[in-house]
Amino acid sequence: MRFDLEIKCKKIVGGRATGKLLLSKKPINFLGMVNTRSGEITTTSSGFERQNLKGKILVFPNSIGSSVGAYTIYSLKSNSVAPNGMICTNNVDITTASGCAISNIPLAFIDNQRYDDLVNCIRILGEPKEMEITLDTEEGKIFIERKSI
Amino acid sequence: MHLTRDEEKGLSGEYGEATSAAYRILVAIGEATDAEKLVPIKWAHVSGVNYNTIGDSGLEFLREISKDGKVRVNTSLNPMGFDRENLPELSPEFIEKQFEIARAYEKIGVTPTFSCIPYEILPIPEDGTQVSFAESSAAVLANSHLNIITNKESALSALASALTGKSPYSDLRINENRSPMVEIVNETDLENELDYGLLGYFTGKTIQKSCTGICNISDNTDMWSLKSLAAGIGTSGSCGMFQHKKPSKFTEKVNYGKKEMNETRDELNTSEDGQLITFGSPQIGFEEMSKIHTLMEGKKFTKPCKIFCPKSVFCKAKQYGIIDSLQRSGVEFISDACTCLTPLIDKKNYDSIITNSVKASYYMKTSNKVSVALMSLKSIIKGYTV
């Protein structure tokens, strides 16, 4: 059995990427909370410690804290442990936008309504880690798919 | 976002690869913040200097930028990893790569200030001037106290603004967005700079807007406390401005009482004691240096003490005899660097430190894995001098 959902998004950095969903309800301080060599989230305050950003589609409100977080995103990409794509749900902050722009990581924004759609989809489909997301910012769309249940 | 013909040329690479990369960054930010156009800025302050934070990939990026990039406005620079004139016992590789980063910035025309408090060492432009400050504490202070205008820029956006002389016209750059829609109502007695830092950290973490009001703080708050407040806000959130004001009937309110203060302190205070005392995150200015000197009254620290300050502040304090006096009290001075994320204090050398800075506390714990005993300046001097 196969479920699909399509959600509109606003393009910030163009591109198409696919990966498993990594959802954080809390903002991320890239400089303080992320290991640029491994891609791991290294602190508990984000709510998903021991998760790894590599290859994921990261859905999170926005980044906070240090301005150097933009270089952290670039380092993640250079070390091949970056998320494949990112989606901001509160606002697209300058750190995330500039970091993704220079790293060629597709980046999109979804508003509260679309975010609620996404959360409802997760509730229906089950474990977020099993879900695959395709982010196509050129089309302005996010496709959510669970391969099997 | 509308680009002029000249800006389009820059984006397409007619003015070189560095300028093109800069415009790519600005266009993405323009999209993110719904900017209609780019506006000129008169001063950029760039972060992303410390090899400890930007690493090899950051160095490689700057090598590429410095091939054909040149800044178009006065541009100052955040701290690096150590003191240029007092080399520490770090690996030769670290030192060489740090100097290469510094050379790359100097090659593109950046003034090597190596300071996170540029507003204390360079002239402040006239009120309402558009600037582009990456250092989060400096950006918050610029908007809130210095009467100059910036968004809470990133290392890369400020560099892009330095290379183009422009920034997207959005968010806090627009006058209408500089009025708070939410207020923090302080109900505590703010007795010292640490209390202001805790209030700042709570504010940044709580307020998701670009501008917040803060009610019931003194009209005569000193610079150290204002810097602590701004650094706290910059560390924990995305808010780029506070407005000191009286409570308004029409604005959403969040109370900050004893309970909130204690919870914030419990989050950041991760040790009862420490092996080393540090001051300077943001770096210590001349006024704060004088304050430490006055409070010391010739006493000696019972633990090693490092003070991080800009080179220019060190030189001025040296002229006044303050440096020699504090050195006799056991202080070691480190210019060009900052407590926050310095490679000179890590878990290989220290389990815990003592500081009055919430910003240092956050990054020491999360990045350097060093625990922190948070105390005010007066408490530190009372508890650790003879």
Side-chain angles (χ1 to χ4, degrees), chain A residues 10-15 26-37 41-46 61-82 86 88-109 137, chain B residues 21-22 24-34 45-50 53-58 60-61 78 133-136 138-139 151-160 167-168 170-171 204-205 208-210 234-240 267 340-341 359 362-363 365-367 369:
Chain A
K10 180 188 174 190
K11 167 190 159 184
I12 308 299
V13 176
K26 293 189 176 174
I28 295 175
N29 186 336
F30 281 101
L31 182 62
M33 293 163 65
V34 177
N35 181 324
T36 56
R37 292 184 190 281
I41 304 285
T42 58
T43 116
T44 56
S45 61
S46 69
N62 53 276
S63 89
I64 55 170
S66 175
S67 58
V68 184
Y71 274 104
T72 305
I73 294 170
Y74 184 71
S75 293
L76 288 167
K77 181 73 173 187
S78 299
N79 294 337
S80 303
V81 292
M86 294 198 209
C88 290
T89 60
N90 178 46
N91 69 72
V92 185
D93 58 277
I94 290 173
T95 294
T96 304
S98 58
C100 287
I102 214 67
S103 310
N104 292 318
I105 296 173
L107 172 66
F109 171 70
T137 61
Chain B
R24 282 205 304 278
I25 292 168
L26 296 179
V27 167
I29 294 165
E31 289 297 321
T33 59
D34 293 323
H45 179 76
V46 174
S47 64
V49 190
N50 186 347
T53 59
I54 69 169
D56 288 327
S57 53
E60 186 54 41
F61 174 78
N78 235 25
F133 279 11
E135 162 61 31
S136 58
N151 277 325
K152 187 170 180 278
E153 302 290 347
S154 79
L156 293 174
S157 71
L159 180 60
S167 180
S170 58
D171 203 5
K205 197 172 174 183
Q208 300 294 321
K209 310 279 184 196
S210 298
T235 298
S236 61
S238 54
C239 179
E267 180 184 335
C340 162
L341 292 152
K359 180 175 183 178
Y362 177 85
Y363 286 109
K365 187 62 187 169
T366 57
S367 291
K369 311 300 178 194

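We name chains A, B, ... by the order of the sequence lines, and we start the count at 1 in each one.
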Practice task
For chain A, find which of B/Ser136, B/Gly48, B/Ala158, B/Ala139 contributes the most heavy-atom pairs closer than 4.5 angstrom.
Solution key: B/Gly48
Completion exercise
One option among B/Ser367, B/Ser238, B/Gly237 has the most heavy-atom pairs under 4.5 Å with chain A, and it is B/Gly237
Which atoms of [X] are under 4.5 Å from chain A, going by heavy atoms: the side chain, the backbone, both sets, or neither?
X: B/Phe133; result: neither
X: B/Lys152; result: both
X: B/Ser47; result: both
X: B/Ser236; result: backbone

Problem - Test item: side-chain donor near acceptor, A/Tyr71 and B/Asn50, under 3.5 Å - result: no
Exercise for the section: Using distance alone, with no hydrogens and no angle criterion, decide if B/Ser57 and A/Ser75 have a side-chain donor and acceptor under 3.5 Å apart. Expected result: yes
Problem - Shortest non-hydrogen contact between B/Leu156 and A/Gly99, atoms and distance - result: CD1-CA, 4.1 Å
Practice task
Using modelled atom types only, decide if a donor and an acceptor are shared between the side chain of A/Lys10 and the backbone of B/Glu31 within a distance under 3.5 Å.
Solution key: yes
Practice task
Any chance you could lay out the side chain to side chain contact (heavy atoms under 4.5 Å, CB included) test for A/Tyr74 and B/Ile54, step after step, and finish with the verdict?
Solution key: CA-CA 9 Å; A/Tyr74 184 71; B/Ile54 69 169; over 6 Å; no
Problem - chain B-proximal positions within residues 62-70 of chain A [heavy-atom distance under 4.5 Å] - result: A/Asn62, A/Ser63, A/Ile64, A/Gly65, A/Ser66, A/Ser67, A/Val68, A/Ala70
